[in-house]
Amino acid sequence: MFAQSSADTLTKSSVIESNVVYLRVGAVGQNLSAEIQTAQQALMASNTITGTVLDLRFADGNDSDALKAVESLLAQARLPLAVLVNDETTGAAVQLAEDLRANKAGLIFGSSKELKPDIAVTISADAEKKLMTNPYGTISTNEAMTALATNDFLPYIDHTTEADLVREKIKDGDQEGDFEPSGPAAEQQPFIRDPVLARGVDFIKGMAALRWSHT
């Protein structure tokens, strides 16, 4: 799902959920702005994009010139921007998140020792690393319960098809045994289990729907 980059600054880029650009930053360094611009152009060339997720979790950096260049680039995009942070976001990456919010370019999601997110989502570092590797993957029950205990988002409950619900009702005696669903069961689609990323994507989709409703 995600394309791996050899760069030290922008480490991953892709389109997720069909129309959201995902950019993961390793460090705010000299080439970051150019790498983001190149990635955006490539991804937008073949996709209709509604917004961007800038993942600064575990990111650092100390290049103030690079910081300003990235801020300018993302602010000019004028698309919904979700900035993801955690307690391991440090240095110029923290300043980048703060500046983008101050300039009303985006909202901050996650947890942080150094700044207050707009939407707080807490998850253990180990679980977060696993889900960042594959946001559509699974984590252990203990890790899931730890995450659920620290925020009100429920990312670990599988979606259930209408046919599955009907079968359960039949099993429980709520329907006649010869009842059949009106059509074939819909194919179950993958969904994001990374709670911080999911909140960011939901924000972008909500903003896109609001914009479309006013056009």
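Just so it is clear, the values below take in all heavy atoms, side chains as well, and ignore hydrogens, waters and symmetry mates. On a predicted model such as this, the values are computed, not experimentally measured, just so you know.
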### OG-NZ distance between Ser111 and Lys116, expressed to the nearest 0.5 angstrom
14.0 Å
### Message
Show the nearest heavy-atom pair for residues Leu131 and Pro195, with the distance to one decimal.
### Response
CD1-CD, 3.9 Å
### Query
Are any side-chain N or O atoms of Arg24 and backbone N or O atoms of Ala59, one a donor and one an acceptor, separated by less than 3.5 Å?
no
#### Entry: Closest non-hydrogen atom pair, Ala75 against Ala105
CA-CB, 4.3 Å
### Task
Could you check Ile108 against Leu115 for side-chain contact (heavy atoms from CB on, under 4.5 Å), going step by step and ending with a plain yes or no?
CA-CA 9 Å; Ile108 300 174; Leu115 55 84; 3.9 Å; yes
### Message
Show, in sequence, the C-alpha distance, side-chain angles and deciding distance for Met132 and Asp194, and conclude whether the side-chain contact (heavy atoms from CB on, under 4.5 Å) test is met.
### Response
CA-CA 7 Å; Met132 286 176 69; Asp194 179 339; 4.1 Å; yes
### Query
Under the 3.5 angstrom rule, does the side chain of Asp118 hit a backbone N or O of Phe109 as a donor-acceptor pair?
no
### Query
Between the side chain of Thr9 and the main-chain N/O of Val28, is any donor-acceptor distance below 3.5 Å?
no
### Query
Taking all non-hydrogen atoms of both residues, which atom of Leu84 and which atom of Leu197 are closest, and how far apart?
CD1-CA, 3.9 Å
### Message
If we ignore hydrogens and angles and just use 3.5 Å, is the side chain of Ser72 paired with the main-chain N or O of Ala69 as donor and acceptor?
### Response
no
### Message
Please determine whether salt bridge (Lys or Arg N to Asp or Glu O under 4.0 Å) holds for the pair Glu88 and Arg57, giving the CA-CA distance in whole Å, both sets of side-chain angles, and the decisive distance to 0.1 Å.
### Response
CA-CA 6 Å; Glu88 303 300 321; Arg57 292 176 291 178; over 6 Å; no
### Query
So which heavy atom on Ala39 is nearest to which on Leu10, and how close?
CB-CD2, 3.9 Å
### Query
If you measure from OG on Ser33 to CG on Leu73, what distance do you get to the nearest 0.5 Å?
4.5 Å
### Message
Show, in sequence, the C-alpha distance, side-chain angles and deciding distance for Leu107 and Val83, and conclude whether the side-chain contact (heavy atoms from CB on, under 4.5 Å) test is met.
### Response
CA-CA 6 Å; Leu107 296 183; Val83 183; over 6 Å; no
### Query
Would you say Val94 and Val85 make side-chain contact, with heavy atoms under 4.5 Å?
no
### Task
Assess whether side-chain contact (heavy atoms from CB on, under 4.5 Å) is satisfied between Arg101 and Leu81, documenting all intermediate values.
CA-CA 9 Å; Arg101 175 168 61 185; Leu81 175 67; over 6 Å; no
### Task
Any chance you could measure Asp63, atom CG, to Leu67, atom CG, to the nearest 0.5 Å?
8.5 Å
### Query
With a cut-off of 6.0 Å (strictly less than), are more than 12 heavy atoms of other residues, nucleotides or ligands near CG of Asn62?
no
### Message
Contact between Ile49 and Val15 at the side-chain level, heavy atoms closer than 4.5 Å - yes or no?
### Response
yes
### Summary
Between Pro80 and Thr50 the two heavy atoms that sit nearest each other are CD-O, 3.1 Å
### Message
If you compare all heavy atoms of Gln95 against all heavy atoms of Glu71, which two are closest, and at what distance to 0.1 Å?
### Response
O-OE2, 4.2 Å
### Query
In Å, rounded to the nearest 0.5 Å, how long is the span from CG of Asn86 to OG of Ser112?
8.0 Å
### Message
Quick check for you: to the nearest 0.5 Å, what is the distance between Asn19 atom CG and Met44 atom CE?
### Response
11.0 Å
### Query
Tell me, do Tyr22 and Asp55 make a side-chain contact under 4.5 Å, heavy atoms counted?
yes
### Message
With rounding to the nearest 0.5 angstrom, report the CG to CG distance, Leu32 to Leu96.
### Response
7.5 Å
### Task
Determine yes or no for a side-chain-to-main-chain donor-acceptor pair under 3.5 angstrom, with Ser14 supplying the side chain and Ile16 the backbone.
no
